[in-house]
Enquirer: 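Shown below is the structure under consideration.
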Amino acid sequence: MTGCAAGVRRPGTGELTVSPTICDICFWKCAGIVYKDGGEPWKVVGNPNDLHSRGRLCTRGTAGLGAYLDPDRLKTPLLRVDNNGNQRFKPVSWDEALEFIAARLRKLASDHGPEKLALFSHGSGGGHFKHLLQAYGSRSFVAPSFAQCRGPREVAFKLTYGEGVGSPDRTDMEHSRCIVLIGSHIGENLHNSQVQTFAAALHKKAKLITVDPRFSVPAGKSDYWLPIKPGTDIALLLAWMHVLIQEDLYDRDYVTRYTHGFTELKEHVRKFTPEWAYPITAIPAARIRETARVMAANAPATLIHPGRHVAWYGDDTQRLRAVAILNALLGSWGRPGGYYQQEKVALPNYPIPEYPKITARVQDANRGKYPEAYAGVSTAVFDASIGPDALYKAWIVYGTNLPLTVPGVAGRLQEAADSLDLIVAIDIQPCEVTGYADVILPECTYLERYDTLRNAPERRPSLALRMPAFKPKYDSKPGWWIAKQLGKRLGLGDYFPWKDYTEVLEWQLKQVGSSLAEMKKTGVKVFPRTTPMYFTEGTDIEFNTPTGKIEIYSTQLAKLGFDPLPKYSAHQEPPPDYYRLNYGRAPAHTFGRTQNNKYLFEIMPENVIWVHPTVARKWDLENGRYVRLKNQDGVESNRIRIRVTERIRPDSVFMAHGFGHTAEGLRLASGRGADDAALITNIPHDPIMGASGMRANFVTFLEDEV
Amino acid sequence: MIEEVLVTLRANPKIDPVLSTWSWEVPLYLFLGGLAAGIMFFAAIMVLANRQREAPFVTEKLVLWTVILLSVGMAALFLDLSHRWYVFRFYTAFRPSSPMSWGSWILIIIYPICLLQILSTFRQGYPNLARRLERFDIGALALDLSERFRRRIAWISIPFALALGIYTGLLLNTLVARPFWNTAILPVLFLVSALSTAAALTILGTSIKGERNLFTQIDFSLIAVEIFLVLLLVIDLSTGSQVQLAALDLILGGRYTVGFWLLFFSIGLLIPILLEGRELLRKSTSAFYLAPLFVLIGGYLLRQVVMNIGLHSSWVDYANQFDPQLLQLLQ
Amino acid sequence: MTRYAMVIDTLTCVGCGDCVTACKTENQMPDGLTRDWVVETTTGEYPNLSTEFRSERCNHCSHATCVYVCPTGASHFWRDTNIVLVDSGKCTGCKACIAACPYDARLIMHPEGYVDKCTFCHHRVENGLDPACVSTCPTHCMHFGVLDDPAGKVSTLLRTRNYKTLLQETGNEPNVYYLT
Ligand SMILES: Nc1nc2c(c(=O)[nH]1)N[C@H]1C(S)=C(S)[C@@H](COP(=O)(O)OP(=O)(O)OC[C@H]3O[C@@H](n4cnc5c(=O)[nH]c(N)nc54)[C@H](O)[C@@H]3O)O[C@H]1N2
Ligand SMILES: Nc1nc2c(c(=O)[nH]1)N[C@H]1C(S)=C(S)[C@@H](COP(=O)(O)OP(=O)(O)OC[C@H]3O[C@@H](n4cnc5c(=O)[nH]c(N)nc54)[C@H](O)[C@@H]3O)O[C@H]1N2
Ligand code: SF4
Ligand code: SF4
Ligand code: SF4
Ligand code: SF4
Ligand code: SF4
Ligand SMILES: [Mo]
């Protein structure tokens, strides 16, 4: 018997070097370890001491090297030049690019005032630019993670419990005995520790109830799958409350001790019987009763999962209020198996001069709407950047691909670009938004840079370090360096007293009894908890709400003239020959940022459109054929491959978000699959906090001519 | 309804969507190997039957071609290897469980037997060349000796010829992972086809009427047997497992129906047997070369088509959700 | 012979494909070639449905037809185990082993001409580590171990849970098990 395969070099037999990182392929920020084998990039794996990764990265994080290796990355700063009416980008030096931006920003400050600068950002590097903006004189930052993502949830839980769910979500799934997923398609949604704790619950035979019109991955793992009619979740939630109260299954002690407004709720849901909900939701009354009983039987270790991307129909805050209330009835907030209390490290900020006083708020863009928007609303900031009375005259866009990310803006981006004096895009790859910029700055990838310390609220407080595993490729630079250079050129050098960002890290780490040297070795440092993870049974708690209680009845909403208790109202139905456009995550990709990553491209190079067999028959759609989609407003999509499957309702179609890139520089991604964002043109906004309702769109099929 | 799809795109070249590991090289080798085996067989039989005079072409002339055909076949095999410079590895091991290993060692033995067979009739077949060989003492000795042992050499040649002929079929047949090859009829079919092609080549090459007549008769019977064997093969597969039934479907309405029945069966068997039948009935002799030509083409097609069908027939059948051609963008 | 087995729980596998990317990076697979893949099987009609996800690779068969058919000994059992490897220094690229695998689990040629396949990450196993795919799976649904040890993880799982192997009828005696 021969031993090792002669001739083939075994992986990992060269000289090994390891360095810690924080994954930036999505926003879960798992701590990882980068391996080099004989000086060559080898792999990224999870850091075993990290609660986000628990030693394992997800599909995308494992493929992280693909971002670093991508030959299509932005390589040098690019400046838009007008070549006889033809716009094109010219490679320029960093000096020239930065000076160009600084000159425009200096002029902006003197002509219009610094508050005219807005920052779109998403992701860990955004902090460097928020700092720059505040030093400059603006606090108009906006992230799609609010109005396009979890804003409604955060607002609804703040209204109810006085605090939001936060990120990473404070769900205690590993201890849950019953989990209720409303839309959340964990498994396709691959937030790492969320998946791991979910799987841990499955291993322990927790009851799983999934409410999803599509036979999602978790639906396939469920004890109860409730194939709900899209857009009717509030009716189901109300009926569940009805059963819990009617059958006296709710947590009486918890409700009495902690909540405000139970009597009003009881009265409110009296008429919302399962029989009432059945024709609305298509879930049989007996099924609604049965599942409510299962939830109660396992309470308080029953988690009604809050979901994360919840910007669906324009009444999302109210739906999430219903979710919050249901959790309160089961007594799961603050209890094992429900929602735990998060803790983070008390990490001081590096001392810098005080920011200038800024009165303008990003909420000014809302023009009096969305009273509960505690953060910027992307669509509002966008709208406020167009026209003669525009609030904003310049943008910095850091790692936010507006056309794919904020539905409704793609068609008017040129208008905005024409109206604005300056758009700076900071990205790692050429994408759709960079095409509209005046200046494009190439950031190096997360594997090539230091960043702010990760100090995420978790089960245990911890810090994690991102440090460069490789020298920045091409002429790309880290975000902190770009921010500092711009600051210096804007005369804000005092706000950037460090020569190198490691000085900031070193200082901060010293304050909490660690050091950069230690963190370079361990990557993650876990600190002991100082507060309890769950409520101490039998003690009173002051919630951060006007009544100091969990507000089942929201006094704040009542004051603002909104329904203090959630109500169901019907949503629009698809017109004949149209199907509701459903979209979601594919485990192999993060939004629109990974389609050009060769590892991920290889396992999923395009998205497909799911259609039910009856629909396929009606339209003569063969598996594997390409079609185009057209929405109710006549917008046509790129070509997309048909997948005929029973896993989708006959009245909807489904596709993974993030495909259909048009940026030519992305050689793998460009032209592959269809973009859901482009088809989302009917967008009801949540009147309470401004979220974009993205699921009110309908599509039909067109022959693909190519 | 059952839907089975690949969630992660799998498009390993030459495996997906169907196995296409081998193209023309292996079938060519199987064909030429079979042809050589057939020639060896007939040359030996004619010697043993004392009919060398009646069939001088096959015993004295054609027999030289065994080594040439084998060598061309081996060259084709060599071309098929994708790690060519490791070809010597065939001969640093003998793996009793591997038909291919047997094959490579059998060839080592067959070559000298072929040479002896050639030498044993060399003076008659190729007098000029023989004279040159005689200039060397050792050459003359070799010729003398092999002529003396002509009958013994013929005796030895027969089992090796049969082994080689069967082996070309066994090679595929033993790959049980390919349901279409998984029938015991296959090696027999390949052997009979090997003999038939050798007979056809003889008809084509000989200028002696008697030899042509004799081999037309032989070939006619062999083709008849082949037709019978093909029908047996269909019956055998149709009584087999689920995957064999699926494999059979490939030639009964599936994508190889035309290839199998029109190309191989009609051109290689039906047309020649009709033509040869007419000739034997003295209806027509004008286009005598047509039938053997068809037989030879058919012989090659048999191997090519059977190999393709076998590669296509599989235990697993997964569909890709995503377009595998997109992976070409990675190049 | 030591028998290594992989046991994969289809009830928790979510079909995320992490096992595939992990294998690609760990084993530095050339672009476009994969040693493992994920299959989704959906049965029934809306809304009475069930789905099964399966992460598949070479089964490291106890009766490995690919090994038996190899003329050079390049395909071999590693150190008296059922781990089937290809020795690139002996492989001629004749491709007989590829045709001999009923699971189509051998990936065709490495660009350099020899056959490449799942190794059960023997380079990790010999250091006491789980294979790369097993050690990264975010649902912890993959398990690896020695079958001969009755108290071991994989034996215990097979004793206490329902399972199946793929294409039992090939007679190859596969050693990747699927809990159902
Ligand atoms: N792989 C991967 N994972 C990710 C991300 C990624 O990009 N890639 N992004 C991360 C981020 S930032 C977020 S916010 C999360 C989002 O992930 P989730 O919060 O899980 O997103 P949802 O929009 O709730 O999930 C989509 C599901 O909702 C179902 N659905 C559609 N309409 C309705 C309806 O009317 N009612 C109900 N009950 N269900 C409906 C769809 O069928 C689909 O299964 O994913 C995170 N995880
Ligand atoms: N139609 C539709 N729209 C949606 C959603 C949906 O499901 N459908 N989901 C919504 C949700 S939940 C969210 S959270 C948002 C997410 O929205 P985004 O955060 O905008 O999504 P991404 O596409 O991941 O990232 C945007 C950009 O970041 C760049 N980038 C990646 N890494 C780096 C880096 O290291 N540095 C810099 N400077 N740039 C980098 C990428 O190249 C890309 O251009 O989208 C929302 N919008
Ligand atoms: S969840 Fe996955 S992609 Fe997101 S940070 Fe963690 S490993 Fe990276
Ligand atoms: S990594 Fe695990 S959960 Fe994901 S597909 Fe592979 S086996 Fe399934
Ligand atoms: S699965 Fe195929 S390649 Fe793997 S050992 Fe079995 S026969 Fe060989
Ligand atoms: S291709 Fe290589 S490993 Fe496979 S049978 Fe031929 S020599 Fe053996
Ligand atoms: S065991 Fe190793 S080689 Fe095999 S699929 Fe898993 S990671 Fe790849
Ligand atoms: Mo999100």
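Computed from a predicted structure; not experimentally measured. Throughout, a chain's letter reflects where its sequence line sits, starting with A, and its residues are numbered from 1.
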Enquirer: For Q196(A), which atoms come within 4.5 Å of any heavy atom of chain C: side chain, backbone, both, or neither?
Expert: both
Enquirer: Is L49(C) in contact with chain A via its backbone, its side chain, both, or neither, using a 4.5 Å heavy-atom distance?
Expert: both
Enquirer: Using heavy-atom distances under 4.5 Å, tell me whether Q28(C) contacts chain A through its side chain, its backbone, both, or neither.
Expert: side chain
Enquirer: Evaluate the ring planes of F470(A) and Y68(A), with Trp represented by its six-membered ring, and classify them as parallel (under 30°), tilted (30 to 60°) or perpendicular (over 60°).
Expert: parallel
Enquirer: Please classify the contact between S135(C) and chain A as side chain, backbone, both or neither, with a heavy-atom cut-off of under 4.5 Å.
Expert: backbone
Enquirer: Select one option (side chain, backbone, both, neither) describing which atoms of L179(C) are under 4.5 Å from chain A's heavy atoms.
Expert: neither
Enquirer: Examine whether an atom of S50(C) lies under 4.5 Å from a heavy atom of chain A, and if so say whether it belongs to the side chain, the backbone or both; otherwise answer neither.
Expert: backbone
Enquirer: When the ring centroid of Y177(C) is compared with that of H143(C), is the distance short of 6.0 Å?
Expert: no
Enquirer: Contact part of E40(C) toward chain A, heavy-atom cut-off under 4.5 Å: side chain, backbone, both or neither?
Expert: side chain
Enquirer: What is the ring orientation for Y35(A) with W42(A), classed by angle as parallel under 30°, tilted 30 to 60°, or perpendicular over 60°?
Expert: perpendicular
Enquirer: Which of the residues P587(A), A199(A), P11(A), G220(A) is involved in the greatest number of heavy-atom pairs with chain C at under 4.5 angstrom?
Expert: P11(A)
Enquirer: In terms of heavy-atom proximity below 4.5 Å to chain C, should L65(A) be classed as side chain, backbone, both, or neither?
Expert: neither
Enquirer: Is the shortest distance from a Lys or Arg side-chain nitrogen in E26(C) or K43(A) to a carboxylate oxygen in the other one below 4.0 Å?
Expert: yes
Enquirer: What residue, out of E646(A), K598(A), M604(A), R649(A), has the most heavy-atom pairs lying under 4.5 Å from chain C?
Expert: E646(A)
Enquirer: Between R580(A) and D651(A), is the closest basic N to carboxylate O distance under 4.0 Å?
Expert: no
Enquirer: Out of F215(A), Y599(A), W225(A), which one racks up the most heavy-atom pairs below 4.5 Å with chain C?
Expert: F215(A)
Enquirer: Go through the atoms of E52(C) and report whether side chain, backbone, both or neither lie under 4.5 Å from a heavy atom of chain A.
Expert: neither
Enquirer: Less than 4.5 Å to any heavy atom of chain A: does that hold for the side chain of C137(C), its backbone, both, or neither?
Expert: both
Enquirer: Heavy atoms only, distances under 4.5 angstrom: which of C91(C), G15(C), G17(C), C19(C) has the most pairs with chain A? Name it, please.
Expert: G17(C)
Enquirer: Please state whether the rings of Y4(C) and F144(C) are parallel, tilted or perpendicular, taking 30° and 60° as the class boundaries.
Expert: parallel
Enquirer: To the nearest 0.5 Å, how far apart are CG in N172(C) and OG1 in T65(C)?
Expert: 3.5 Å
Enquirer: Looking at chain C, which one of G61(A), A63(A), C58(A), G12(A) has the largest number of heavy-atom pairs inside 4.5 Å, strictly under?
Expert: C58(A)
Enquirer: Classify the side-chain pair T21(C)/T62(A) by whether it contains a donor and acceptor separated by less than 3.5 Å.
Expert: no
Enquirer: Just give me the residue among A22(C), G32(C), C141(C), C121(C) that pairs up with chain A most often, heavy atom to heavy atom, under 4.5 Å.
Expert: G32(C)
Enquirer: Who wins among L57(A), T59(A), I186(A) for the most heavy-atom pairs under 4.5 Å with chain C?
Expert: T59(A)
Enquirer: Considering only NZ, NE, NH1 and NH2 on the basic side and carboxylate oxygens on the acidic side, decide whether R10(A) and E126(C) come within less than 4.0 Å.
Expert: yes
Enquirer: If you measure from the Lys or Arg side-chain nitrogens to the Asp or Glu carboxylate oxygens, is any gap between R161(C) and D9(C) under 4.0 Å?
Expert: yes
Enquirer: In terms of heavy-atom proximity below 4.5 Å to chain C, should L600(A) be classed as side chain, backbone, both, or neither?
Expert: side chain
Enquirer: Atom OG1 of T171(A) and atom CE of M173(A): how far apart are they, to the nearest 0.5 Å?
Expert: 4.0 Å
